[in-house]
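Notes follow once the structure below has been shown.
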Amino acid sequence: MRKISLTILLALTVVFVAACGNHSNTDTSRNSSAVTNGGTSSAKNSLEAVKASGKLRIGTEGTYAPFTYHDASGKLTGFDVEIAEEVAKRLGVEPEFFETQWDGIFAGMDAKRFDVIFNEVSINEDRKVKYDFSEPYIVSKAVLIVSENNEDIKTFADLKGKKAGQSLTSNLSDIARENGAEIVATDGFNQAMDLLTSGRIDATVNDGLSYLDLKKQKPDVKIKVVDEIPDGSQSAAVFLKGNDELVKAVSDAIVEMKSNGTYLKISEKYFGADVSK
């Protein structure tokens, strides 16, 4: 009986050790898988992940013409949309747009709902702390707009004593004020244009891109640009930090589009001019 018991005891010991060994291997495998999955998750916005999924997930508003909006048929379109579509094409993937209100677009990026934002986002130091930017793809300059028959105002300095229609929350009003203009409050670009064309103001300092868009839509509107601030605000695609390869790939695509005429074609379609510089 003692010999039989000893034999049984040895057999149980072997089984127990084998079981422990298998459990250890299982844990190692699980941990390894967790590391791999975690790596995939952390690299969710990487170039490799984008190509593996076959899609570039793009955050945009869809309500900000002419950059990102819906046309008469309901199709999402616009300057930024077409630039993003061309970028995706050059990456060899399909564009997938996620329409998000401006107030939540960066939160959507932080939550990794999309890989990149194309939404006329200007590059500034505060944003660069948390996000990376691609090669800039559009430049907006402050311009001085007057009525077509105005010959008195030719430079910003000529605003002294003149009425300038300005949004009080815009830094463009500071330019008018610094040049001695009498500020007439407006709700935005469209109201400033109405006041200007009706002769109720002498000028407005406003966004050059908005001016180009208006002239594209209404070429007969009787206004003109007489001066501009040479240093414009640059806008680019936005990424979470740590996605250097994806940033480079998108930047390379934008540079290629500028060099082969694709960019100019899109730019002239929406603005009637090259808005890259």
Side-chain angles (χ1 to χ4, degrees), residues 45-71 75-100 102 105 109 114-124 127-128 131-141 207-217 228 230-277:
N45 294 337
S46 71
L47 178 61
E48 293 82 3
V50 166
K51 290 193 172 185
S53 70
K55 294 180 180 179
L56 180 66
R57 301 172 304 155
I58 303 159
T60 195
E61 276 184 275
T63 57
Y64 184 28
F67 307 104
T68 162
Y69 66 101
H70 289 263
D71 64 17
K75 178 186 175 183
L76 179 66
T77 189
F79 176 80
D80 285 55
V81 171
E82 290 202 27
I83 294 294
E85 288 173 338
E86 285 290 335
V87 165
K89 178 180 176 181
R90 282 159 174 75
L91 295 184
V93 298
E94 292 294 321
E96 183 178 11
F97 290 95
F98 291 79
E99 294 182 48
T100 306
W102 172 253
I105 203 163
M109 172 63 82
F114 24 81
D115 307 303
V116 60
I117 296 172
F118 275 91
N119 199 86
E120 197 64 17
V121 180
S122 59
I123 303 171
N124 63 38
R127 288 174 181 154
K128 285 167 70 173
Y131 305 100
D132 283 334
F133 289 85
S134 70
E135 167 83 7
Y137 62 83
I138 191 168
V139 177
S140 175
K141 296 180 179 179
D207 176 35
L209 295 177
S210 296
Y211 169 81
L212 290 173
D213 176 46
L214 177 62
K215 291 294 283 186
K216 181 70 174 176
Q217 302 298 325
E228 72 175 18
D231 296 326
S233 171
Q234 297 180 320
S235 294
V238 186
F239 307 81
L240 287 176
K241 284 190 174 295
N243 295 289
D244 296 347
E245 292 182 358
L246 183 57
V247 174
K248 183 180 185 304
V250 171
S251 293
D252 289 347
I254 292 171
V255 170
E256 180 186 339
M257 290 162 59
K258 289 179 180 179
S259 66
N260 68 11
T262 302
Y263 177 91
L264 184 59
K265 183 178 179 181
I266 298 172
S267 180
E268 289 183 336
K269 174 182 177 179
Y270 288 96
F271 300 104
D274 184 352
V275 293
S276 67
K277 52 191 176 184

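Along the sequence shown, residues carry numbers from 1.
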Original post:
Going by the angle between their ring planes, with limits at 30° and 60°, are Y263 and F79 parallel, tilted or perpendicular?
Top reply: perpendicular
Subject >> Shortest non-hydrogen contact between E61 and N119, atoms and distance >> reply: N-OD1, 2.6 Å
**OP:** Using modelled atom types only, decide if a donor and an acceptor are shared between the side chain of D207 and the backbone of S210 within a distance under 3.5 Å.
**Re:** yes
**OP:** Find the distance between CD1 (I105) and CD (E99) and round it off to the nearest 0.5 Å.
**Re:** 10.0 Å
Subject >> Nearest-0.5 Å distance that lies between atom OG in S235 and atom CD1 in I123 >> reply: 7.0 Å
Subject >> Heavy atoms from other residues, nucleotides or ligands near NZ of K51 exceed 12 (cutoff 6.0 Å) >> reply: no
Original post:
Should Y69 and T63 count as side-chain neighbours, where that means a heavy-atom distance under 4.5 Å?
Top reply: no
**OP:** Please determine if E85 and K89 form a salt bridge, counting it only when a charged side-chain N lies under 4.0 Å from a carboxylate O.
**Re:** no
Subject >> Nearest atoms (heavy-atom pairs only) where I254 meets E135 >> reply: CD1-O, 3.6 Å
Original post:
Out of curiosity, S276 OG to L264 CG, how far, rounded to the nearest 0.5 Å?
Top reply: 8.0 Å
Original post:
Does a side-chain heavy-atom distance below 4.5 Å link D132 with N243?
Top reply: no
**OP:** Could you please spell out the steps behind the side-chain contact (heavy atoms from CB on, under 4.5 Å) verdict for L209 and F67?
**Re:** CA-CA 10 Å; L209 295 177; F67 307 104; 4.0 Å; yes
**OP:** Say whether, by atom type as modelled, one donor and one acceptor occur between the side chain of Y270 and the main chain of G78 under 3.5 angstrom.
**Re:** yes
Subject >> Separation of K216 NZ from E268 CD (nearest 0.5 Å) >> reply: 8.0 Å
Subject >> Value rounded to 0.5 Å, distance of CZ in F118 from OH in Y137 >> reply: 6.0 Å
**OP:** Please lay out, stage by stage, how L76 and T60 fare under the test side-chain contact (heavy atoms from CB on, under 4.5 Å).
**Re:** CA-CA 10 Å; L76 179 66; T60 195; 4.2 Å; yes
Original post:
Where the side chain of S251 meets the backbone of S134, is there a donor-acceptor pair that is under 3.5 Å apart?
Top reply: no
**OP:** Report yes if some heavy atom in the side chain of T68 is under 4.5 Å from a heavy atom in the side chain of E120; otherwise report no.
**Re:** no
**OP:** Output the distance between atom OG (S122) and atom CZ (F133), rounded to the nearest 0.5 Å.
**Re:** 7.5 Å
**OP:** Please determine which of E82, E256, R90 meets the side chain to side chain contact (heavy atoms under 4.5 Å, CB included) test together with T262.
**Re:** R90
**OP:** Over all heavy atoms of both residues, which pair between L246 and L56 is shortest? Give the atoms and the distance, please.
**Re:** CD1-CD1, 4.5 Å
Original post:
Should D252 and K248 count as an ion pair when the cut-off is N to O under 4.0 Å?
Top reply: yes
Original post:
Parallel, tilted or perpendicular: which fits the ring planes of F98 and F114, with parallel below 30° and perpendicular above 60°?
Top reply: tilted
Original post:
CD of E96: more than 12 outside heavy atoms within 6.0 angstrom?
Top reply: yes
**OP:** Return the minimal non-hydrogen interatomic distance between V250 and A237, and the atom names on each side.
**Re:** CG1-CB, 4.4 Å
Original post:
Is any side-chain heavy atom of V121 closer than 4.5 Å to a side-chain heavy atom of Y131?
Top reply: no
Original post:
Under the 3.5 angstrom rule, does the side chain of D115 hit a backbone N or O of R57 as a donor-acceptor pair?
Top reply: yes
Original post:
Is atom NZ of K55 surrounded by more than 12 heavy atoms (other residues, nucleotides or ligands) closer than 6.0 Å?
Top reply: no
Original post:
If only atom types and distance count, is the side chain of S233 paired as donor or acceptor with the main-chain N or O of S140 below 3.5 Å?
Top reply: no
Subject >> Shortest non-hydrogen separation from I58 to P95 and the atoms involved >> reply: CD1-CB, 3.7 Å
